[in-house]
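Single-structure report; data block below.
What you see below is based on every heavy atom in this structure, not just the backbone, and it leaves out hydrogens, waters and symmetry mates. Below, chain A is the first sequence line, B the second, and so on; all start at residue 1.
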Number of protein chains: 4
Amino acid sequence: MGGTMDGTKQQRRGNTRQRIQDVALGLFAEQGYEKTSLREIAERLDVTKAALYYHFKTKEEIIVSLFEDLTKPIEDLIEWGRRQPGTLETKEEIIRRYGEALAGAEPLFRFMQENQATVRELRIGDTFKDWMRGLRDILIDPDAELVDQVRSVSAMFTLHAGMFVMRDLEGDSEKKREAVLEVALDMIRQAHEHARHKGD
Amino acid sequence: MGGTMDGTKQQRRGNTRQRIQDVALGLFAEQGYEKTSLREIAERLDVTKAALYYHFKTKEEIIVSLFEDLTKPIEDLIEWGRRQPGTLETKEEIIRRYGEALAGAEPLFRFMQENQATVRELRIGDTFKDWMRGLRDILIDPDAELVDQVRSVSAMFTLHAGMFVMRDLEGDSEKKREAVLEVALDMIRQAHEHARHKGD
Amino acid sequence: MGGTMDGTKQQRRGNTRQRIQDVALGLFAEQGYEKTSLREIAERLDVTKAALYYHFKTKEEIIVSLFEDLTKPIEDLIEWGRRQPGTLETKEEIIRRYGEALAGAEPLFRFMQENQATVRELRIGDTFKDWMRGLRDILIDPDAELVDQVRSVSAMFTLHAGMFVMRDLEGDSEKKREAVLEVALDMIRQAHEHARHKGD
Amino acid sequence: MGGTMDGTKQQRRGNTRQRIQDVALGLFAEQGYEKTSLREIAERLDVTKAALYYHFKTKEEIIVSLFEDLTKPIEDLIEWGRRQPGTLETKEEIIRRYGEALAGAEPLFRFMQENQATVRELRIGDTFKDWMRGLRDILIDPDAELVDQVRSVSAMFTLHAGMFVMRDLEGDSEKKREAVLEVALDMIRQAHEHARHKGD
DNA sequence: GATGAATGAGCTTTCATTCAT
DNA sequence: TATGAATGAAAGCTCATTCAT
C-alpha cells in the first residue's frame, strides 16, 4: 500500500475541494440547483455529505465559490472596458472577449442562464445584474436611439443564445461559434454606425 | 353592477381553479417553481393544500395547465407559419405575432425563461423545444449561410430578451417594445436579403 | 307507483348500496382494506365519494355491513351446533356446513384471512373471535387429550387453508373441495375416536 | 454488568438499527403494517423520523430487512429438504424443523400471517409464496392421492395455526407446542403411509 | 340520491445542516 | 480530513369525512 504510484487516495488529497466544485457544477447545470441535493453530490464523489461541509459552509457557498473562481475574466473585462474610450474598436473587443469568457466557463453560464430564478435569490444574483449593466453601459451610447440601444443589448444576448440554442443547429461547432460572433459584431457595428451619423 | 363590492366569499365560488392558476403563476414567476410550495399558494388563497389537490392532481399539473391554457396562440402561429410560403412577408409576420404572443402571456414566458432547468424536466419541456424548432424551421432557409441562420435565431431571441432585460433600460415601455420589434425585424430582413442574393 | 314489484325506482334503491358492497369487497379482498380508498371504490362505480356516504356512514360500515349480510349462515350454524348433542355426527355436520359457509362467501373470508390485523381492530374483530371460540367449543370435548383438541381445531383450519392455498395445487376444483372436506372430517373423527376410548 | 444503570443514551449508540427493527416488528405485528406509522416507531424510540431514514431507505425496507434477517433458517431448511430423499424421515424432519423455525421468529410470522394482503404487495410477497411451494413440493408425492396431498399441506398449516390460534386454548404452552407438532407429524405420516400402499 | 367543493389530520419522504469523534 | 449519526423543518400528497345544494 505504502504510497507508490499515486493510488487514487494520494492524488485526491488536497483537491477534494476542486472535485466537489466540478461535480457540483456538472449536476447544477444538468438538473438545476434546487433539484441537485448534497447527497447526490456526495454520492458521486464517494464521500459523505459531512465531508462537503468541511470544505464549504453551505450549499450556496459551493455555487458562490464557483462563481468567484470562474468569473474573474468577466470582471476584468468590465474593468478594462470601463477605462477604454467608447470607440467601435473597444466595443468589438468587448464582444469578442465576452464571447470567449462565456465559452471558457460554459457550464457555469449555462447554469446561470437556466436557473435565473434561483440565481436571483442567491447572493450572487446582484453581481450578475451588475455585470449585465456594466457591459451594457460600455456598449451603449447613452444618447443613442432606443433602437440602437436594443441592438447593443441584443448583441450580447446573441452570444448567450449562441451557447445553448445553436446546439441543435447543425454544422461544425467551431464554425458556428464564428458565425455567432460575426452576427454579434455586426449588430454592434450597426448600432455604432447609426450613432455616428446622428452625432454628425 | 348588481351586488356592489360583492364580498370576497361570494365571488370565489366556482372560480377557485382559476384563482389557483393565477396565484401559482405569479409565485412561480417570482420565486421559481421549486421554491414555491403548495402551502404558500394555498395560504395566499386562504384555502387548504388539500383544496389544491381537488383541482389539480399534482403540482406539475398546475404549471402544465397554465401552459396548455396560455400557449394556444403560439401553437396556432407555428401551424399557420408552416403553411405559408417562405417569403420575407411570412417571416416578418411570424416575428410580429410571436412578439405579441410573448407579450400576451408575459408571466408564463418569464417563468419559462427563468426556470429552464426545471421546465426541461417537466412534461412540457419537450413541447417547448418543439416550438423553438418549429419557429426556427420557418424562419431559416436551410441552404442559407450559417451566419444568416444565426441571425434568424437571434431575431427570435431578441424578442425573448426584450421581455426581461429591457426592463432596466430606461424609456417608455411601449416605445421599447416597438424598438425591440424593429431590431428583430431588421435582423430577419438582413438574413433574408443575403439569402436572396446568394440565390441569384 | 304504490309499491308494485320492481318499478325501476324501487329496484335501484338498495341496488347502489349493493353495488358498493360488491365493488368494495372485491377491492378489499384484492388489495386489503387499508390500501383500498373510497376514491377508488367510487371511481370504479362511476359515482362520487360523497355518494358512498349517502349509503354508508363510514368506511368501516361498508365492511361491517358485508360482514352482517354474509355471515348469517355461520351464526346460524353455531346456534344450531350448540343445541345438538356432542356426538360425532354433530361434529361432522358442523365441519360439512362450515365448509359450505366458507365457500358461499369466499371473497369475504379471504378478506378476513388476509387482513386479520385490520379485522382485529375493526368492530367486527370480536365477533370473529367469538365464532372461532363457538365452533371450537362445539367440536372439542373439554376433557379430551390436548392432542385431540389440537386435531379438532386443525380440522377447522384445514377448511380455511383449503380456500386459499389449495388454489395452486393442481386438479379439478370440485375434487379439491371434496378432498379438503374429507381430510377435515377425518381429523375430527380421529379426535372423537380417541376421546371415546379414553372415556371407556 | 459493568456500568450499572447504564444510562439509556450510552447504550443506544451503535445499535439503533436493531432497535428500529425490534420496535417496528413489534408494532407491525400488533397493529398491522399500514396502521403503523413511522412517527409512531420514531416516538417509541425517542428519535426523529429522519433518523429512521438514516438507517433504512424506506418503510418497506424495514420490513424487508427483518425478513432477510429472520428467514435464513427457513431458506436453509428448504435447501436441505430438496437434497434429501423423499422418505418419511425427511418429511418428519422438515415438519419438525419448520415448527422450530416458526417458533424462532414468532412475531415476524404472526405479522406475515395477519398481513397477508400487505405482504403480497410488498417485495417479499413472492419469496413467501416460493417457500410455501418449496415446502409443499418436498412434502408431497406428486402421484399421491389428492386427499393425501391435502393432508400434507394441512400439516404445514397446522403448524401455522398452532402459533396463533392455540393461544386461547388453555394449557401449558410447551405442552401445546408438542401437541401441535404431534398432530402435524401424524398427518404427514398418514399421507405418506397411503402413498406407500398405493405404490405396492 | 347524489354532487362539488373543501377540510383537517396525517402520511412517507427529502433536505440542508450539525457535531462528536 | 473526514465520517456516523442524527435533527428540524418542510415538502408533496392522500385519505376519510362533511355539508350545502
Side-chain angles (χ1 to χ4, degrees), chain A residues 9 12-17 20 34-42 45-62, chain B residues 12-17 20 34-42 45-62, chain C residues 9 12-17 20 33-42 45-62, chain D residues 9 12-17 20 34-42 45-62:
Chain A
K9 276 276 151 74
R12 274 176 194 177
R13 189 154 286 158
N15 62 4
T16 299
R17 193 188 141 94
I20 293 172
E34 338 265 350
K35 292 265 279 250
T36 302
S37 69
L38 294 184
R39 179 183 51 66
E40 206 174 350
I41 297 173
L45 285 164
D46 207 36
V47 294
T48 59
K49 272 183 290 171
L52 305 184
Y53 279 89
Y54 179 81
H55 294 281
F56 299 94
K57 261 218 277 286
T58 65
K59 185 185 180 187
E60 185 168 346
E61 255 222 354
I62 299 180
Chain B
R12 278 177 189 180
R13 197 139 285 154
N15 61 2
T16 304
R17 193 189 142 94
I20 293 173
E34 339 263 352
K35 293 266 278 250
T36 301
S37 69
L38 295 183
R39 180 184 51 69
E40 205 173 352
I41 297 173
L45 286 165
D46 206 35
V47 294
T48 59
K49 272 180 292 166
L52 305 185
Y53 279 92
Y54 177 77
H55 294 281
F56 299 94
K57 264 213 277 286
T58 63
K59 186 184 179 187
E60 183 169 345
E61 252 221 357
I62 299 181
Chain C
K9 282 267 157 82
R12 252 177 220 159
R13 186 159 287 161
N15 186 338
T16 298
R17 194 189 139 93
I20 294 173
Y33 178 77
E34 341 265 350
K35 290 267 278 255
T36 301
S37 70
L38 295 185
R39 180 182 52 65
E40 205 174 352
I41 296 173
L45 286 165
D46 208 37
V47 295
T48 59
K49 269 183 293 170
L52 305 184
Y53 279 89
Y54 178 81
H55 294 281
F56 298 94
K57 263 218 275 287
T58 65
K59 185 185 181 187
E60 184 169 346
E61 256 222 352
I62 299 181
Chain D
K9 278 276 149 76
R12 277 176 192 182
R13 197 139 285 153
N15 60 3
T16 303
R17 194 189 142 95
I20 294 173
E34 342 264 351
K35 291 267 279 253
T36 302
S37 71
L38 295 184
R39 180 184 51 68
E40 205 173 351
I41 297 174
L45 286 165
D46 206 35
V47 295
T48 60
K49 273 178 291 165
L52 305 185
Y53 278 90
Y54 177 77
H55 295 280
F56 298 93
K57 266 214 276 288
T58 63
K59 185 185 179 186
E60 184 169 346
E61 252 220 357
I62 300 180

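- Picking from E:dA6, E:dA2, F:dT18 the nucleotide with the shortest atom distance to the side chain of C:A51 gives E:dA2.
- The side chain of A:T48 contributes no N or O atom lying less than 4.0 Å from OP1 or OP2 of F:dG4.
- For the pair C:R39 and F:dT14, the criterion of a side-chain N or O lying under 4.0 Å from OP1 or OP2 is not met.
- Distance from the side chain of D:Y54 is smallest for F:dA5 among the nucleotides F:dA5, F:dC15, F:dT3.
- In this model, the phosphate group of F:dA2 is approached by a side-chain N or O of A:H55 to a distance below 4.0 Å at OP1 or OP2.
- Put simply, the side chain of C:K59 and the base of F:dT17 share no donor and acceptor less than 3.5 Å apart.
- With sequence neighbours excluded, the residues satisfying side chain to side chain contact (heavy atoms under 4.5 Å, CB included) with A:K57 are A:E61.
- Considering only side-chain atoms of A:T58, the nucleotide from E:dA5, E:dT17, F:dT1 that sits closest is E:dT17.
- Of all heavy-atom pairs spanning A:L38 and A:K59, the tightest one is CD2-CG, 3.8 Å.
- Counting only Watson-Crick and G-U wobble pairs whose two key distances fall under 3.5 Å, DNA chain F forms stems of three or more stacked pairs at E:2-21 with F:2-21.
- Checking F:dC13, E:dA16, E:dC19 against the side-chain heavy atoms of A:A50 singles out E:dC19 as nearest.
- Rounded to a whole Å, the CG atom of D:L45 is 10 Å from the P atom of F:dT7.
- The side chain of B:Y53 lies closest to F:dT14, out of E:dA16, F:dT14, F:dT17.
- Side-chain N/O atoms of B:T16 include none lying less than 4.0 angstrom from OP1 or OP2 on E:dA5.
- Closest to the side chain of A:L38, from the set F:dA2, F:dT17, E:dA16, is E:dA16.
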